[in-house]
Student: 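Quick one: the structure is below, and I'll ask about it shortly.
Naming: A, B, ... by sequence-line order, numbering from 1 per chain. Side-chain atoms are counted along with the backbone in the values below, which use heavy atoms only and exclude waters and symmetry mates. No experiment lies behind these values; they were computed from the predicted model shown.
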2 protein chains.
Amino acid sequence: MALEHAILVSLLEKPGSGYELARRFERSIGYFWTATHQQIYRVLKRMEGDGWIDVREVPQQGRPDKKEYSVAGPGRAALSGWLHEPIEPESVRHDLAVKIRGAAFDDPAALIREVERHHRAHSDRLAHYLAGELRDFTGPEAPAAPGDAGQELQHVVLRGGIAYERMTIAWLDDVLATLHRLRAGH
Amino acid sequence: MALEHAILVSLLEKPGSGYELARRFERSIGYFWTATHQQIYRVLKRMEGDGWIDVREVPQQGRPDKKEYSVAGPGRAALSGWLHEPIEPESVRHDLAVKIRGAAFDDPAALIREVERHHRAHSDRLAHYLAGELRDFTGPEAPAAPGDAGQELQHVVLRGGIAYERMTIAWLDDVLATLHRLRAGH
DNA sequence: TCCTGCTATGCAACTCGTTTCATATACAAG
DNA sequence: CTTGTATATGAAACGAGTTGCATAGCAGGA
């Protein structure tokens, strides 16, 4: 399980409540690791029980109070331990690839709309990444200190996301061309 | 759940036993959808109970007998139904990306070996894909009929795998350069 | 003969993750 | 003053996936 580690990283970058973490997992970190608020609250409970994180009740005005979590010593140690362990290169799950191979036994042309939908979704995500890169790293407002390890590492992860989306979009173009070719040659 | 659909596709491409499916999920299909033999046997049982697939006891010599499964009418209909349903663009889980961001709170240089390991794994997989492409699609032994939808679709999925590995390798080069730069600038 | 290894199938227990439902505060729009 | 939306937390049930264990046929080698 790496959700706890993803949460530790996020809390180290900035302490926050379960709710705030859930929002971060919809953006930023969430592009590389997904989680629902349910999972997050449950894991936060466990980590608190294990002494990995500290809680602080924060009264708020204009909205319900929250519990702000921050990483404690044992949590930092656990993260460090995990960082030094080797992990297996990820096992992928591409529904769409299964669908494409399955289309050989159905109507390939029926997939065109679906593939176009994915194409749009990935284009949107790419645009979102590029906007974030301009805002946080390469734009005029970006911090001018290039020596900050955290900045550099967040940027290289973001560049990975950008490369992934570009590759995927190019591949979906290839898929669409193939589907159209199959339809033309029926 | 798409495991049942991945199994249906694989059985349509070629009927086989649970054991054979498990092996296919270590190669071929497995590059786009992973599954252990446990899961496969369990799902096969359920699908058989639901009448999606037929079983045939196949006596073998020199090895234990096996049960060969093939897709039945209802299974084909279920697959077709799934193919026409829209699916959400996949949610990714990149342990390595989490590790890289986490390295900001530890020693970034300690990640170099890990990243190099992943680099090798992806290079191996790329070489494997390219060999498969040469064997099955672009080599002199490849079937000369380019009109076969199944062939075309398997090839475009494989091209996706190749593009993914190339992109990942290039990104890991970027990551390594970044880690070395951070170490140099201590 | 025993041990190793590959083929072949499966149960049981557990962990991880999703879905559904429930609760409460607060502000804004109608 | 009701409805909708955003913040904030959580229980309970279910489904998906992993890990460990068990069994058994058959082959080849020490």
Student: Under the ring-ring contact (aromatic ring centres under 6.0 Å, His included) test, which residues partner A:Tyr41, sequence neighbours left out?
Tutor: A:His37
Student: Between P on D:dT7 and CG on A:Leu21, what's the gap in Å once rounded to a whole number?
Tutor: 14 Å
Student: N/O contacts under 3.5 Å, protein versus nucleotides 2-5 of chain C?
Tutor:
none

Student: Closest approach of B:Phe25 and B:Ala6, non-hydrogen atoms and distance?
Tutor: CZ-CB, 4.0 Å
Student: For B:His128, check ring-ring contact (aromatic ring centres under 6.0 Å, His included) against everything at least two apart and list the hits.
Tutor: B:Tyr31
Student: Return no unless some side-chain N or O of B:Lys45 is found under 4.0 Å from OP1 or OP2 of C:dG10.
Tutor: yes
Student: Is the shortest side-chain heavy-atom distance between B:Asp106 and A:His84 below 4.5 Å?
Tutor: yes
Student: Does the protein touch nucleotides 18-30 of chain C at the base, only the backbone, or not at all? Give it as B, S and - per nucleotide, heavy atoms under 4.0 Å.
Tutor: BBB----BSS---
Student: Between C:dC14 atom C1' and A:Arg46 atom CZ, what is the distance in whole Å?
Tutor: 13 Å
Student: Closest approach of B:Leu182 and A:Ala149, non-hydrogen atoms and distance?
Tutor: CD2-CA, 3.7 Å
Student: Rounded to the nearest angstrom, tell me the gap between atom CD1 in B:Ile40 and atom C1' in D:dT19.
Tutor: 15 Å
Student: Looking only at heavy atoms, what is the nearest atom pair of A:Ala2 and B:Asp95, with distance?
Tutor: CB-OD2, 4.0 Å
Student: Can you measure B:Glu20 atom CD to C:dT9 atom C1' for me and round it to whole angstrom units?
Tutor: 13 Å
Student: Would you call the rings of A:Tyr164 and B:Tyr164 parallel, tilted or perpendicular, where under 30° means parallel and over 60° means perpendicular?
Tutor: perpendicular
Student: Pairs under 3.5 angstrom, nitrogen or oxygen only, protein versus nucleotides 1-5 of chain D, please.
Tutor:
none

Student: Nearest-Å distance, OH (A:Tyr69) to C1' (D:dG10)?
Tutor: 11 Å
Student: Rounding to a whole Å, what distance do you find between B:Glu26:CD and C:dC6:C1'?
Tutor: 12 Å
Student: Check whether any side-chain N or O of B:Tyr41 sits under 4.0 Å from OP1 or OP2 of C:dT9, and answer yes or no.
Tutor: yes
Student: Can you check the B:Tyr19 OH to D:dC26 C1' distance for me, whole Å?
Tutor: 13 Å
Student: Specify the separation, in whole Å, of atom CG of A:Asp95 and atom P of D:dA16.
Tutor: 13 Å
Student: Following the transitive rule for hydrophobic clusters with a side-chain heavy-atom cut-off under 4.5 Å over Ile, Leu, Val, Met, Phe, Trp and Tyr, establish whether B:Leu153 and A:Leu172 coincide in one cluster.
Tutor: yes
Student: Decide yes or no on salt bridge (Lys or Arg N to Asp or Glu O under 4.0 Å) for B:Glu20 and B:Lys66, but give the supporting numbers first.
Tutor: CA-CA 10 Å; B:Glu20 283 162 355; B:Lys66 66 174 180 179; 2.7 Å; yes
Student: Strictly by modelled atom types, are B:His119 and B:Asp173 linked by a side-chain donor-acceptor pair under 3.5 Å?
Tutor: yes
Student: Does C:dA8 have OP1 or OP2 under 4.0 Å away from a side-chain N or O of B:Arg23?
Tutor: no
Student: I need the full list of side-chain hydrogen bond (donor to acceptor under 3.5 Å, both in side chains) pairs touching residues 48-65 of chain B, with sequence neighbours left out, sorted by first then second residue.
Tutor: B:Arg56-B:Glu68
